[in-house]
Undergrad: 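Got a structure here, written out as structure tokens. Questions coming.
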Amino acid sequence: MKTESILQIKDTLAMIDNRDDDRIRLWQADERSGVQQALRQWDRRIQRHENEIALFEEMQQFENEARAKGHRLIVGIDEVGRGPLAGPVVAAAVILPENFKLLGVNDSKKLSAKKRDELYNEIQNQAISIGIGMVDHHKIDEINIYQASKMAMGIALEDLCFVPDYLLIDAMTLDVNIPQESIIKGDARSISIAAASIVAKVIRDRMMENYAKTYPGYGFENNAGYGTKEHLLGLERQGICEIHRKTFAPIKNMY
């Protein structure tokens, strides 16, 4: 039998997702260094995939517990934008179907922008309903960022097409007559909250990219309003702009 080339083996490995495939054992006996390197790369890919599956299953624990209690419309709620010096706080409420399947969903802060965009599109496709809530910089200055975050979550909840029967919320409780669970670091522990964090993050980042065109010089397209070096230098050069939060340091000392 003709010996396969290393390139042929690499191409075949790209299509194999099963460790029990008989061809893997055959290639493990191949002494060519290129084959062994290809196998190591394949093994790392498979390991990442297995880790994603394990994480996905682990992050469904709160949803599974809620369903075991008889709840069916379970919503995850999270907000993005507490820390920035400019722009709104944005919250999302996401109801996922029981058969939801999307590997890679995690706390939005742990994902690249490209990965967030990919997951955002698929969450939009699979979700039963998505609600969005926004509170602008004026209201943040008026009522403080904690209350503004809570308000944004409430708006997102009301924006849903269906009334949920159970709430999973990232480190917050809402004043509504619906059973709820506040989960510390929920965006890394609940699949529904993680989905909400991705949706809120993508929407807010896109808003800040648009604001960068109206208010250039602060790097909003790069920092989304957080107090990075680029942003602080912009404040020194230009002063504050319309969307800056006037109750946040160092802005509150600049006017």
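Please read these numbers as outputs of a predicted model, since none were measured by experiment.
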Undergrad: Which atoms form the tightest heavy-atom contact between Ala200 and Asp78, and what is the distance?
TA: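 Nearest pair, atom of Ala200 first, then Asp78: CB-O, 4.4 Å.
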
Undergrad: Can Glu181 and Tyr166 be counted as having a side-chain donor-acceptor contact under 3.5 angstrom?
TA: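 The criterion, which ignores hydrogens and geometry beyond distance, is satisfied for Tyr166 and Glu181.
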
Undergrad: Any ion pair linking Asp117 and Arg206 (charged N to carboxylate O, less than 4.0 Å)?
TA: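 Result for this pair is yes, salt bridge flagged.
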
Undergrad: Examine distances only and state if a side-chain atom of Arg82 and a backbone atom of Ile145 form a donor-acceptor pair shorter than 3.5 Å.
TA: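 Here the side-chain-to-backbone pair does not exist.
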
Undergrad: If the plane angle is over 60° it's perpendicular, under 30° parallel, otherwise tilted; pick one for Phe220 and Tyr218.
TA: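 Judged by the thresholds at 30° and 60°, the geometry between Phe220 and Tyr218 is parallel.
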
Undergrad: Using a 6.0 Å cut-off, check whether atom CG of Asn253 has over 12 heavy atoms from anything other than its own residue.
TA: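 Yes - once you tally the heavy atoms of other residues, nucleotides and ligands closer than 6.0 Å, there are more than 12.
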
Undergrad: What are the two closest heavy atoms between Ala156 and Gly133, and how far apart are they?
TA: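 Closest approach of Ala156 to Gly133: CB-N, 3.5 Å.
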
Undergrad: Identify whether Met59 and Leu111 are in the same connected component of the hydrophobic contact network (ILVMFWY, side-chain heavy atoms under 4.5 Å).
TA: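 Yes; tracing contacts between hydrophobic side chains, which count when under 4.5 Å, links both residues.
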
Undergrad: Of the options Val135, Val89, Val90, which is the one that meets Ser149 in a side chain to side chain contact (heavy atoms under 4.5 Å, CB included)?
TA: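 The side chain to side chain contact (heavy atoms under 4.5 Å, CB included) with Ser149 is passed solely by Val89 among Val135, Val89, Val90.
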
Undergrad: Taking NZ in Lys246 as the centre, count heavy atoms belonging to other residues, nucleotides or ligands within less than 6.0 Å. Is the count above 12?
TA: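 Yes, NZ of Lys246 has more than 12 neighbouring heavy atoms, counting only those of other groups under 6.0 Å.
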
Undergrad: Would the distance check show the side chain of Trp42 and the main-chain N or O of Ile16 forming a donor-acceptor pair, the cut-off being under 3.5 Å?
TA: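 Confirmed, Trp42 side chain pairs with Ile16 backbone.
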
Undergrad: Of all heavy-atom pairs between Val94 and Ala196, which one has the smallest distance, and what is that distance?
TA: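 Closest pair (atom of Val94, atom of Ala196, distance): CG2-CA, 3.6 Å.
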
Undergrad: Go through the steps to decide whether Leu39 and Asp30 satisfy the test side chain to side chain contact (heavy atoms under 4.5 Å, CB included), and finish with yes or no.
TA: CA-CA 10 Å; Leu39 284 171; Asp30 193 314; over 6 Å; no

Undergrad: Within the structure provided, determine whether Arg19 and Ile24 are in side-chain contact (heavy-atom separation under 4.5 Å).
TA: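 With C-beta onward as the side chain, the pair stays apart.
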
Undergrad: Please tell me if the side chains of Ile191 and Phe56 come closer than 4.5 Å, counting only heavy atoms from C-beta onward.
TA: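 They are in contact (side-chain heavy atoms under 4.5 Å apart), so the answer is yes.
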
Undergrad: Any ion pair linking Lys139 and Glu142 (charged N to carboxylate O, less than 4.0 Å)?
TA: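 Here Glu142 pairs with Lys139 in a salt bridge, since their nearest N and O are under 4.0 Å apart.
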
Undergrad: Given side chain to side chain contact (heavy atoms under 4.5 Å, CB included), test Lys213 with Asn210 step by step and report yes or no.
TA: CA-CA 5 Å; Lys213 300 171 185 176; Asn210 287 327; 3.7 Å; yes

Undergrad: Does CZ in Phe162 sit with more than 12 non-hydrogen atoms of other residues, nucleotides or ligands closer than 6.0 Å?
TA: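 Atom CZ in Phe162 is not packed in, count stays at 12 or less.
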
Undergrad: Locate the shortest heavy-atom distance separating Gln180 from Thr173; write the atom from each residue and the value.
TA: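 Heavy atoms only, the tightest pair is OE1-CA, 3.3 Å.
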
Undergrad: Would you say that Phe248 contacts Ile140 through its side chain, given a criterion of any heavy-atom pair below 4.5 Å between the two side chains?
TA: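 They are in contact (side-chain heavy atoms under 4.5 Å apart), so the answer is yes.
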
Undergrad: At what distance, to the nearest 0.5 angstrom, does CG of Leu235 lie from CE of Met254?
TA: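 Answer rounded to 0.5 Å: 5.0 Å.
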
Undergrad: Please tell me if the side chains of Asp187 and Lys110 come closer than 4.5 Å, counting only heavy atoms from C-beta onward.
TA: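 When only atoms from C-beta onward are counted, Lys110 and Asp187 do not touch, as no gap falls below 4.5 Å.
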
Undergrad: Determine whether Gln37 and Ile6 make a side-chain contact, defined as any pair of heavy atoms from C-beta on separated by less than 4.5 Å.
TA: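 Side-chain contact under 4.5 Å: no.
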
Undergrad: Looking only at non-hydrogen atoms, find the nearest pair between Gly217 and Gln238 and report the distance.
TA: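 Closest approach of Gly217 to Gln238: CA-OE1, 3.2 Å.
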
Undergrad: Give a yes or no on whether a salt bridge exists between Asp107 and Lys185, defined as a side-chain N under 4.0 angstrom from a carboxylate O.
TA: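 No.
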
Undergrad: Quick check: does any side chain N or O of Asn125 sit under 3.5 Å from a backbone N or O of Asn121, one acting as donor and the other as acceptor?
TA: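 Such a contact is found between Asn125 side chain and Asn121 backbone.
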
Undergrad: Answer with yes or no whether the hydrophobic clustering places Ile130 together with Leu102; edges join I, L, V, M, F, W, Y residues whose side-chain heavy atoms lie under 4.5 Å apart.
TA: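 Ile130 clusters together with Leu102.
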
Undergrad: Hey, what do you get for OH (Tyr120) to NZ (Lys201), rounding to the nearest 0.5 Å?
TA: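 Spacing of OH (Tyr120) from NZ (Lys201) equals 14.0 Å.
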
Undergrad: Is the side chain of Gln8 donor-acceptor paired with the backbone N or O of Ser5 at a distance under 3.5 Å, no angle test?
TA: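 Answer holds: yes.
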
Undergrad: For Lys101, does the NZ atom sit with more than 12 other heavy atoms under 6.0 Å from it, leaving out its own atoms?
TA: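 Result for NZ/Lys101: enclosed.
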
Undergrad: Working to the nearest 0.5 Å, report the span between CD of Glu79 and OH of Tyr146.
TA: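 Between atom CD of Glu79 and atom OH of Tyr146 there are 10.5 Å.
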
Undergrad: Tell me whether Ile95 shares a hydrophobic cluster with Leu119, the cluster being built from Ile, Leu, Val, Met, Phe, Trp, Tyr side chains joined at under 4.5 Å.
TA: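 Looking at the clustering, Leu119 is in a separate group from Ile95.
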
Undergrad: Please tell me if the side chains of Ile203 and Val199 come closer than 4.5 Å, counting only heavy atoms from C-beta onward.
TA: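 In contact.
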
Undergrad: Could you walk me through whether Thr228 and Asn222 pass the side chain to side chain contact (heavy atoms under 4.5 Å, CB included) check?
TA: CA-CA 9 Å; Thr228 63; Asn222 302 317; over 6 Å; no

Undergrad: Please determine if Arg25 and Asp22 form a salt bridge, counting it only when a charged side-chain N lies under 4.0 Å from a carboxylate O.
TA: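 Yes.
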
Undergrad: Answer yes if the side chains of Gln47 and Asp43 hold a donor-acceptor pair under 3.5 Å, and no otherwise.
TA: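 Side-chain D/A pair, Gln47 to Asp43: absent.
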
Undergrad: How far does CD of Gln41 sit from CD1 of Ile46, to the nearest 0.5 angstrom?
TA: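 Reported to 0.5 Å precision, the distance equals 13.0 Å.
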
Undergrad: Heavy atoms, side chains only, cut-off 4.5 Å: are Cys161 and Ile128 in contact?
TA: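 SC-SC contact between Cys161 and Ile128 ruled out.
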
Undergrad: Within the structure provided, determine whether Glu242 and His138 are in side-chain contact (heavy-atom separation under 4.5 Å).
TA: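 Counting from C-beta outward, Glu242 and His138 do come under 4.5 Å.
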
Undergrad: Ile9 and side chain to side chain contact (heavy atoms under 4.5 Å, CB included): which partner among Asp11, Thr12, Leu13, Leu7?
TA: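 Testing each of Asp11, Thr12, Leu13, Leu7 against Ile9, the sole residue satisfying side chain to side chain contact (heavy atoms under 4.5 Å, CB included) is Leu13.
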
Undergrad: Distance check, rounded to the nearest 0.5 Å: Arg116 atom CZ versus Ile123 atom CD1?
TA: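 Taking CZ in Arg116 and CD1 in Ile123, the distance rounds to 11.5 Å.
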
Undergrad: Mind checking whether Tyr226 and Met208 sit in one hydrophobic cluster, side chains of I, L, V, M, F, W, Y counted as touching below 4.5 Å?
TA: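 Tyr226 and Met208: separate clusters.
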
Undergrad: Is Ile155 reachable from Ile193 through a run of hydrophobic residues whose side-chain heavy atoms are each under 4.5 Å from the next?
TA: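 Different hydrophobic clusters.
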
Undergrad: Ignoring hydrogens and geometry beyond distance, is a side-chain donor-acceptor pair present between Glu65 and His71 at under 3.5 Å?
TA: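 The answer is no; no qualifying pair exists.
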
Undergrad: Is a donor on one side and an acceptor on the other found under 3.5 Å between the side chain of Arg245 and the backbone of Pro88?
TA: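 Yes: the side chain of Arg245 pairs with the backbone of Pro88.
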
Undergrad: Looking only at heavy atoms, which two atoms of Arg204 and Gly81 are closest? And how far apart?
TA: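 Closest heavy-atom pair between Arg204 and Gly81: NE-CA, 3.7 Å.
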
Undergrad: Is a side-chain N or O of Ser192 found less than 3.5 angstrom from the main chain of Val75, in a donor-acceptor match?
TA: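 No, the answer is negative, given that no donor and acceptor are paired below the 3.5 Å cut-off.
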
Undergrad: Take Lys229 and Asn223, measure what side chain to side chain contact (heavy atoms under 4.5 Å, CB included) needs, and give me the verdict at the end.
TA: CA-CA 9 Å; Lys229 183 178 180 180; Asn223 56 50; over 6 Å; no

Undergrad: If you round to the nearest 0.5 Å, how far is CG of Asn64 from CD of Glu58?
TA: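 Going from the CD atom of Glu58 to the CG atom of Asn64 covers 12.0 Å.
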
